[in-house]
Amino acid sequence: QVQLVESGGGLVQAGGSLRLSCAASGLTFSTYGMGWFRQAPGKVREFVTAISWSGGSTYYADSVKGRFTISRENAKNTVYLQMNSLKPEDTAVYYCGAQRLWSSRCRIAEYDYWGQGTQVTVSS
């Protein structure tokens, strides 16, 4: 059974930082591309960032470029999202997803597995 478990969310002031983790089990983690998406209240889930299976390629939404960094440790079956210079508009539930074929990094439908999400709230 595949499980993705996010952690590290919380309440932070604008300008602060958080580091999210997503621990995977039940799959060969090193063969999956991984992505982070977020969903704010009343909005659709949107792409944030993604990383290839090897970690050699990363992709970012324009809204987080320069502030967020995705990384992974295949030995620990974990992907991370370092979020700096947080803004109130970053407030959302953050989800990690795993994609085997790596056909489209930004498309929700292309991801095979999802975690339950972790809440990030940025106060002004």
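Residue numbers run from 1 in the order of the sequence given.
- A donor-acceptor pair is defined here as one N or O able to donate and one able to accept, closer than 3.5 Å; such a pair exists between the side chain of Q39 and the backbone of K43.
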Compile the donor-acceptor pairs under 3.5 Å between side chains in residues 65-72 and protein atoms, sequence neighbours left out, one pair per line.
from: K65; atom 1: NZ; to: D62; atom 2: OD1; distance (Å): 3.1
from: R67; atom 1: NH1; to: S85; atom 2: O; distance (Å): 2.9
from: R67; atom 1: NH1; to: D90; atom 2: OD2; distance (Å): 2.7
from: R67; atom 1: NH2; to: S63; atom 2: O; distance (Å): 2.9
from: R67; atom 1: NH2; to: D90; atom 2: OD1; distance (Å): 3.0
from: R67; atom 1: NH2; to: D90; atom 2: OD2; distance (Å): 3.4
from: R72; atom 1: NE; to: W53; atom 2: O; distance (Å): 3.4
from: R72; atom 1: NE; to: N74; atom 2: OD1; distance (Å): 2.7
from: R72; atom 1: NH1; to: Y32; atom 2: O; distance (Å): 2.8
from: R72; atom 1: NH1; to: S52; atom 2: O; distance (Å): 2.8
from: R72; atom 1: NH2; to: F29; atom 2: O; distance (Å): 2.9
from: R72; atom 1: NH2; to: Y32; atom 2: O; distance (Å): 3.0
from: R72; atom 1: NH2; to: N74; atom 2: OD1; distance (Å): 3.2

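- Sorted by first and then second residue, the salt bridge (charged side-chain N to carboxylate O under 4.0 Å, His left out) pairs with a member in residues 103-119 read R107-E110; sequence neighbours excluded.
- Apart from L101 itself, the hydrophobic cluster it occupies contains nothing, where clustering links Ile, Leu, Val, Met, Phe, Trp and Tyr at side-chain heavy-atom distances under 4.5 Å.
- Under the side chain to side chain donor-acceptor pair (under 3.5 Å) criterion, Y60 pairs with no residue, sequence neighbours left out.
- One distance of note links CE of M34 with OG1 of T58; it measures 14.5 Å at 0.5 Å rounding.
- Distance check: W36 CH2 to T49 OG1 gives 10.0 Å after rounding to the nearest 0.5 Å.
- Legend: residues meeting side chain to side chain donor-acceptor pair (under 3.5 Å) with Y94, ordered by chain and number and at least two apart, are R38.
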Just list the side-chain donor-acceptor pairs under 3.5 Å for residues 1-25, sequence neighbours left out, or say none.
from: E6; atom 1: OE1; to: Q116; atom 2: N; distance (Å): 3.1
from: E6; atom 1: OE1; to: G117; atom 2: N; distance (Å): 2.8
from: E6; atom 1: OE2; to: C96; atom 2: N; distance (Å): 2.9
from: E6; atom 1: OE2; to: G117; atom 2: N; distance (Å): 3.3
from: S17; atom 1: OG; to: N84; atom 2: OD1; distance (Å): 2.9

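- Applying the salt bridge (charged side-chain N to carboxylate O under 4.0 Å, His left out) rule to pairs touching residues 21-35 yields nothing, sequence neighbours excluded.
- Legend: residues meeting side chain to side chain donor-acceptor pair (under 3.5 Å) with T121, ordered by chain and number and at least two apart, are Q119.
- Applying the disulfide bond (SG atoms under 2.5 Å apart) test to every pair with at least one member in residues 47-90, sequence neighbours left out, gives no pairs at all.
- For the disulfide bond (SG atoms under 2.5 Å apart) condition, no pair includes a residue of residues 52-89, sequence neighbours left out.
- Here the side chain of T78 pairs no donor or acceptor atom with the backbone of E73 at under 3.5 angstrom.
- When atom types are taken as modelled, the side chain of S54 and the backbone of G56 share a donor-acceptor pair closer than 3.5 angstrom.
- S104 contributes atom OG, which lies 6.5 Å from atom CD of Q99 (distance to the nearest 0.5 angstrom).
- When hydrophobic side chains of Ile, Leu, Val, Met, Phe, Trp and Tyr are connected at separations under 4.5 Å, W102 ends up clustered with F37, F47, Y59, V93, Y95, I108, Y111, W114.
- Between I51 and V79, some side-chain heavy-atom pair lies under the 4.5 Å cut-off.
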